[in-house]
Amino acid sequence: MTEMQKLYLLVPLAPLFGAIVAGLFGKIVGRRGAHIVTILGVATAFVGSVFVFQDVQAGNTFNGTLYTWATSGGITFEVGFLIDSLTVMMMLVVTFVSLMVHLYTIGYMSEDPGYQRFFSYISLFTFSMLMLVMSNNFLQLFFGWEAVGLVSYLLIGFWYTRPTAIFANMKAFLVNRVGDFGFLLGIGLIAAFANTLNYAEVFAKAPALAAMTVPETGWPLITAICIGLFIGAMGKSAQVPLHVWLPDSMEGPTPISALIHAATMVTAGIFMVARMSPLFELSEAALSFVLVIGATTALFMGFLGIVQNDIKRVVAYSTLSQLGYMTVALGVSAYSAAVFHLMTHAFFKALLFLGAGSVIIGMHHDQDMRNMGGLWKYMPITWITSLLGSLALIGFPFLSGFYSKDSIIEAVQLSHIPGAGYAYFCVIAGVFVTAFYSFRMYFLVFHGEERFGKAVEHDAHGDHSAAHGDDEHGHDEHHHGLAPGQKPHESPWVVTVPLVLLAIPSVLIGFFTIEPMLFGDFFKGVIHFSDSHPVMAELGHEFHGAVGMAIHGMTTLPFILAMSGVAVAWLFYMKMPAIPAAIMKTFKPIHTLLENKYYFDKFNEIFFAGGARLLGRGLWKVGDQTLIDGMAVNGSAKLVGVIAQLTRLFQSGHIYQYAFSMIVGVFVLLTFWFNRA
Amino acid sequence: MTDTPFLSLAIWVPIVGGLLVLATGSDRNASLARFVAIAAALAGLAVSIPLYTMFDVATSAMQFTETHTWIPRFNINYALGVDGISVLFVLLNSFITVIVVVAGWEVIQEKVAQYMAAFLIMSGLINGIFSALDGVLFYVFFEASLIPLFIIIGVWGGANRVYAAIKFFLYTLAGSLLMLVALLYLFMESGGSFSILEWHKLKLGMWDQTWIFWFFLASFAVKVPMFPVHTWLPDAHVEAPTGGSIVLAAIALKLGAYGFLRFSLPIAPDASQALAPVIITLSLIAVIYIGFVALVQTDMKKLVAYSSISHMGFVTLGFFIFNPIGIEGALVQMISHGFVSGAMFASIGVLYDRMHSRQIADYGGVVNVMPKFAAFFMLFAMANSGLPATSGFVGEFMVVLGAVKYNFWVGFAAATTLIVGAAYTLWMYKRVVFGAVTNHHVSELTDINGREFAFLSVLAICVLAMGIYPFPVTEVMHASVTDLLKHVAVSKL
């Protein structure tokens, strides 16, 4: 094993070590010990990733096996690493955001009795996510895939006495399992027809796979594989209609909403499709499917962000919408733009979530924006960093989100695959929606009238609890709110320092990295696009430097839409608050539809959850109890009984009956005997 | 190779140990009985370990063979041997016996010696089943092993134990008698041999193969249990004491599945091929139908029992798709199911010992008072839902891969377990463990003690180790599975 290989190994194992120490020996090491060991682990992973990055920049990539997991039927199942530019970019993002979130957690969770457990989980998550992105084969990908799902499950249900939390975590796991179902079938088809699970070997066989069909269905094999894999991505990256778990995942503590449900885990699906670009490029049908799903998510989940009052839920729906943008980029073969947006989004969305968390601390765990307002005066660092994050999110020129989102929009415009027209409409309309809900939140939280500390208190989760039919919150301490007369206060430095450190890349990283990542050689040989989908190449012709792009961007439609979104938000929520109320009244049906999140949850609950229980009860009562046990088993027991009853008649114990039968018998036999001749 | 008769030791050490335990007499000597029992169980495990460490993975031939004449007049021999298919089950059985003895340590207060003896004797008999190479010897072990389990359920079971015990006994006995007919027919056809390996080579017509296949199926399907002859299992589990449930799930269910590989497939290969669609259909029904039935159970033990049936559906599915990844996946699933279902029943036992209830509705918020237990139970629940890095994943994954290769729709149907399996397991976990404490019985619970911690950790290590590194397990199987598939591919007609 070379020095570099040892380093590759160190990167995931350091957080794992931290997780084990904090998790199994939390009592012994104590609260301080737990955060020191996990933060050291993740910091080691980050520093290691930086070294790996430099090594990859120098042109050294790696694709090798760590150990053989199992062998069977000619397939070698392995655990191994593939280190290239895509991997190392993900490693940097994951470890950096994770490190910020670890620091932040010291402040955010300081009063929680489950402190060590929390650190153990987030370090375990970091390990799992690193194994996912560093994998060189589908088996390990699936391992990481499910492992991050497990940690997400554990963290959403972190406050395990809250009924909503333990409902949300089960829902998240099961919805993800629906995605994994497709994912597993995709992997199964690859194993069956390529006879290997190693990426490089599968890619080498991709042209041959493209010529095959699935024998039982007649489907083109490559399309079946890609759609199967993408269904997995739909679960993990929360695309319609498997998005339903993500808003509910906000039941977990805010640091993990930032790390798992915004910056890293939910982007696993995007990463995976980008990694599989050599396969997806071969199936136009799969790409169109990806495109339409992504576009729908981008626009329609954005609408839902407008009607939310819980600060975390606004950010959650914004995440859904942005994941839709990334998916759209995948669909038009702009993989590098998707990954680029993944990276910029990781920074500004983590920033927005941690900012929201800081507001929540300041508000003493009240999450309802209707109780906020004017916070800029009391929480200056949170205010400025949140503003920067919001500007990045809406794609303000020169900020990171501008470069990534604008590239996606232009790529969609250049694409000609089926569905591109619809997608273009969705992403362009989405720009306005994004700007509107982002600045609605910004104005409601940081500006305007100070509404906190009033006697009237809305229940932050009111709408949500009603949807589930449970009204009580076990964990009351998380829903205090400020007492009358009490003022919010800026959060401690462990909270604000990560905000500042995340604000820096949110502003700058797009400017500095767009050229190498989108139009340079950074992803050369890693991300493929075929000659029939040349959007990135065409985009490259129009690109004349980051400055030029930003200046040009100020004259285009997306910029105008974004600015009008901000203006409308300002008008509605600062200037004339009567307008939104009036609109709400006029368009009552639409508002109800949005309030109920298009009735996805109700449908799933009645049709799938209720249907499954009904089916189970039916099969049990009718199949097992009535048919099998009632008729077949006890029926045959009864039949034996009946036969016994009948035969018993012949054994009555009365001598005269036996004697009579003997006489009859003898008579019959004699008759035969004499008539034989 | 060695001259030490390890297989005979694996059979007779526990049986003699069991008789010694019986000799300790009444409950006045209960603690002596316990110590003799654990010593015997550990000795049984110790003599089984060389079977793995000295196993030659390169050959498909029988290893550690022993042959002694038993009843010369009928050419019946005391013939033992293991190959890559059976050797792991001897180990699993010896291991589970140790767990069972520890799990029943203080829990069983009445007729301690008899309880421990029953498990030890059964352990020896089951090792006999997995290593017998003579038809009659197999049959004797196969039937004899019923008796201890019957007694365990009937004596130490719950309120409705007699009904459950008799249902269990009649069900399995009925199947066995048909198997006996098939064994005797094979004896005559082969010109007077009870050697199972001879039977593998025996030419048989399609008609003969077909009815022999059905007769074996009658016996094995009940043991597995396959749909629709599965209804004895939930009843037996509900009434059995914890130890009985562990052995039943971890070991006894494997006997039927093992029978398919040792008898049905090699003796009647053409019939097996022809009737595979029937078995595959029944297996998929087990996976899906039983999964939904498990979802609505209100009794934890019944839920896990139904989940066992569903998981065993994967085993029979894997066998009858006739590709190496399917069969090896099915074998891995059998071993893993031994750990996972054993652990699930052990965990439920931990709760039952404290609350004397198996009803999910009686629990809620257990994590607040039993955090250590909740962590173990979480691991086992995840393994039961087939999470990667636990043993539960390996077999399911391999069988699904094999099934997709065989037929996309078969794979599709099998993969639904990913959703349904997680649904019933996690829903139960949520209602039992998560939430606020619901009643004062739960609030009075105490977390696991040292003994419980010990056996749950051992099981946890097995579940994780096999999930992270199954190579040592799959490696043992290759030669024998390849040989079996080669054999099945050649027509006997």
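No experiment lies behind these values; they were computed from the predicted model shown. Scope of the values below: all heavy atoms of this structure, side chains included, with no hydrogens, waters or symmetry mates. Chain naming here is simple, since letters A, B, ... match the order of the sequence lines and numbering starts at 1 in each.
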Under the 3.5 angstrom rule, does the side chain of B:H478 hit a backbone N or O of A:T71 as a donor-acceptor pair? yes
Where does A:I190 contact chain B at under 4.5 Å (heavy atoms): side chain, backbone, both or neither? neither
Please examine the side chains of B:K430 and A:N169, heavy atoms only from C-beta on, and report whether any two atoms are closer than 4.5 Å. no
Please flag which part of A:I628 lies under 4.5 Å from any non-hydrogen atom of chain B: side chain, backbone, both or neither. side chain
Under 30°, 30 to 60°, or over 60°: which ring-plane class applies to B:F412 and A:F181, parallel, tilted or perpendicular? perpendicular
When you measure from the side chain of A:W69 to the backbone N and O of B:G467, does any donor-acceptor pair fall under 3.5 Å? yes
Keeping the roles fixed (side chain from A:Y160, backbone from B:V367), state whether a donor-acceptor pair exists under 3.5 Å. no
Proximity breakdown for A:F173 and chain B, heavy-atom pairs closer than 4.5 Å: side chain
Identify which part of A:L24 has an atom lying under 4.5 Å from any heavy atom of chain B, answering side chain, backbone, both or neither. neither
What part of A:V214 lies closer than 4.5 angstrom to a heavy atom of chain B: side chain, backbone, both or neither? side chain
B:L401 vs A:F77 side-chain heavy atoms within contact, under 4.5 Å: yes
dist A:M170:CE -> B:T425:OG1 (nearest 0.5 Å) comes out at 11.0 Å
Aromatic ring centroids of B:F292 and A:W620 under 6.0 Å? no
Look at the side chain of B:E328 and the backbone N and O of A:S72, then say whether any donor-acceptor pair between them is shorter than 3.5 Å. no
Separation between OH (A:Y67) and CD1 (B:I468), nearest 0.5 Å, reads 6.5 Å
